[in-house]
Structure formats: structure tokens, C-alpha cells
Amino acid sequence: MKEQLLGRPLARAFVAQAAALGLVLLARLSGWQPDLPVLLALHGGLAVLWSAWLKLPRWWWPLQALCLPGALVLLRLELPPWIFLLLFLLLLLIYWNAGGDRVPLYLSSQATWAAVERLLPAGPVAFVDLGCGLGGLLGFLAGRRPESRFCGIESAPLPLLASWLRLRGWPNCQVRRADLWQVELGEFSVVYCFLSPEPMAELWRKARAELRPGALFISNSFAVPGVSPDLTVEVGGRQRLLVWRM
Ligand SMILES: C[S@@+](CC[C@H](N)C(=O)[O-])C[C@H]1O[C@@H](n2cnc3c(N)ncnc32)[C@H](O)[C@@H]1O
């Protein structure tokens, strides 16, 4: 029930912080006057407990514990307030999809680019990178396969601008500002994505519904729950390609 109400980790993190802060304030109001380090330690401990109860993944816990001390340190630096607004806007424009789709920006490695090229069928292909980031993979493939058509879908403003600038010289390559869920996949013979575990089940349903028989669906690193790939290519580093033929 609580997971339905608080589906998004960010919402649960806020609730854990607020609940911890509320308890610490209550303790203060009831007359308890400990030193600041004790208060911060208490708040950090409570924030972690609430985070565990709300089933936030463990990597959130140290962030939750250090949130209030970090905020106090930043306040003491007495930086001009616009710096925080600027940083927030910058992060928002880059990590546009981290809150909603829970897909941040990280990039396919060059070894992965080469492995994807080896997977492409002979002859012209229509290739789409769902969430093309900075467009590196598309530029690499567009140069090597001039007979093929490459398309990048991106909705985060700064990555979109970067990939558009990078790819605007390639006649066989286009970048579209779009939400990947609104893209009709049937026009493509190869679909590539490097997203996160979160959207994979839904994306698989979309691919199954829209892709034509014989099309390739390639996911960098993230599995489709309950559906084994037809082929797995270990790329090295922390990336591997999972390949399904429709
Ligand atoms: C992990 S990065 C991968 C970038 C690139 N494909 C690569 O392999 O280097 C995922 C990208 O998907 C984008 N993205 C996430 N959800 C999206 C959505 N619903 N529509 C369009 N782009 C999305 C993010 O903004 C991010 O740039």
C-alpha cells in the first residue's frame, strides 16, 4: 500500500527526510537540548530508518544520512543563492528523465559502439537509439554504414542539443526531440536502448507490439524481466548487449 502511494524513490526520500526532521523537531520542542552533532546524528539515523522502511534502495541510505549535514555545510559557505538555482537548472536540463522515467544520462562505451556495429545485419538498416544521449553511437554507426538510416530520440534538453550539434552533418542521421514512448517503432529494423531496469518490461511490450518480424531489439546491459535474450554479447567494462530477434 505504502509503495503504491509513494511509488517514486524521490518521493520516498523526501518523506523519509521530512519524517526524520519532524521527529527531531518534536524532541527539541519537548525540551531536549543536545549539541548540534548529536542532533545531526539522530536525524541521519532516523532518515536511514525511514528510508529502509520505505524500501529505498540501500545506495540512498548514506545520501539520506548526509543530506542535512551537507545542507548546513553549504549554508555556511554563504554562496550566492543564484548558484543553487543555476546548478539545479543545469542538472535538470541534463538529467531531465531521471525523475520520471528513472533514466539518467550515462554513455555507451566505444567498445559497445563497435559491438553494436558487428550485430547490424548486412544491407540497409533503419536504426533507432531510444534515448540517444550525446549521439556518440549514432555518429559512429552513421559514418560506417552510409547506406543505412539512423535516428536518435531524446527528450532531455542539453543532451538533445549536444547530439543535434554532433550529428547535423550526417545526411543519413537525424535526431528527434520526442518522448520515446510516443515513437512508432514499426519503421525501424534495429532498436537500440541503454536506459535502466525501470522501463524495460514496458518497453518490451511496446517492442513486441510494434516491431516487425525479424527486427532486432538490443538493450545495453538491462534485461527484460522474465524474457531471456536470444544472444548476449559481453562487451567488457560493465556493459553487455542483450539481443532479441522479433
Ligand atoms: C543512459 S543514457 C544512454 C545514451 C545513449 N543511448 C548511449 O548509449 O550512449 C539514456 C538516455 O535516454 C534519455 N531518455 C530517458 N527517457 C526518455 C524518454 N522517455 N524519451 C526520450 N529520451 C529519454 C535520457 O535523457 C538519456 O539521455
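For clarity, every value in this text was computed on a predicted model and none was experimentally measured. Residue indices begin at 1 and follow the sequence shown. Counting convention: from 1, in listed order, for ligands and their atoms alike.
- Residue nearest to atom 5 (C) of ligand 1, selected from G131, A156, S221, S108: G131 (by heavy-atom distance).
- Counting heavy atoms closer than 4.0 Å to ligand 1, residue P104 contributes backbone atoms (N, CA, C, O) but none from C-beta onward.
- A cation-pi geometry, defined here as NZ or CZ lying under 6.0 Å from the six-membered ring centre and within 45° of its normal, does not hold between R12 and F14.
- Among all non-hydrogen protein atoms, the one lying nearest atom 21 (C) of ligand 1 is S155 OG, 3.2 Å.
- The nearest protein atom to atom 25 (O) of ligand 1, hydrogens excluded, is given as E154 OE2, 2.6 Å; this is a heavy-atom distance.
- The shortest side-chain heavy-atom distance between L216 and V191 does not fall under the 4.5 Å cut-off.
- Residue L105 approaches ligand 1 through these ligand atoms, each under 4.0 Å from one of its heavy atoms: 27 (O).
- When N97, L130, L160 are checked for heavy-atom proximity to atom 15 (C) of ligand 1, N97 turns out nearest.
- Contacts of D129 with ligand 1, taken as heavy-atom pairs under 4.0 Å, involve the side chain alone.
- For the pair S196 (side chain) and V103 (backbone), a donor-acceptor distance under 3.5 Å is absent.
- When heavy-atom distances to ligand 1 are checked against a 4.0 Å cut-off, Y192 comes that close only through its side chain, counted from C-beta outward.
- Residue contacts with ligand 1, taken as heavy atom pairs separated by less than 4.0 Å, involve D179 via backbone and side-chain atoms alike.
- Ligand 1 lies nowhere less than 4.0 angstrom from a heavy atom belonging to G136.
- Under a 4.0 Å heavy-atom criterion, W96 is not in contact with ligand 1.
- A side-chain donor-acceptor contact under 3.5 Å links Q17 to the backbone of Q64.
- Within 6.0 Å of CD in Q110 there are 12 or fewer heavy atoms belonging to other residues, nucleotides or ligands.
- Remark: minimum distance from atom 10 (C) of ligand 1 to any protein heavy atom is reached at F194 O, 3.3 Å.
- The CG atom of L211 sits 9.0 Å away from atom NZ of K206, with the distance rounded to the nearest 0.5 Å.
- For C193, no heavy-atom contact with ligand 1 is shorter than 4.0 Å.
- Looking at atom 3 (C) of ligand 1, its nearest protein heavy atom turns out to be Y106 O, 3.2 Å.
- Side-chain atoms of Y192 do not come within 3.5 Å of backbone N or O of L137 as any donor-acceptor pair.
- Formation of a donor-acceptor pair under 3.5 Å by the D230 side chain with backbone atoms of R245 is found in this model.
- In this structure, R212 contributes its side chain and S189 its backbone to no donor-acceptor pair below 3.5 Å.
- Looking only at distances, a side-chain donor or acceptor of S163 sits under 3.5 Å from a matching main-chain atom of P159.
- Per-residue contacts place A178 under 4.0 angstrom from the following atoms of ligand 1 (heavy atoms of the residue considered): 20 (N), 21 (C).
- Nearest protein neighbour of atom 16 (N) of ligand 1, counting heavy atoms only, is D101 OD2, 3.2 Å.
- Distances between N or O atoms of L107 and those of ligand 1 include no value under 3.5 Å.
- At a threshold of 4.5 Å between non-hydrogen side-chain atoms, the residues T232 and P229 count as touching.
- Atom 20 (N) of ligand 1 has its closest protein heavy atom at L180 N, 2.9 Å.
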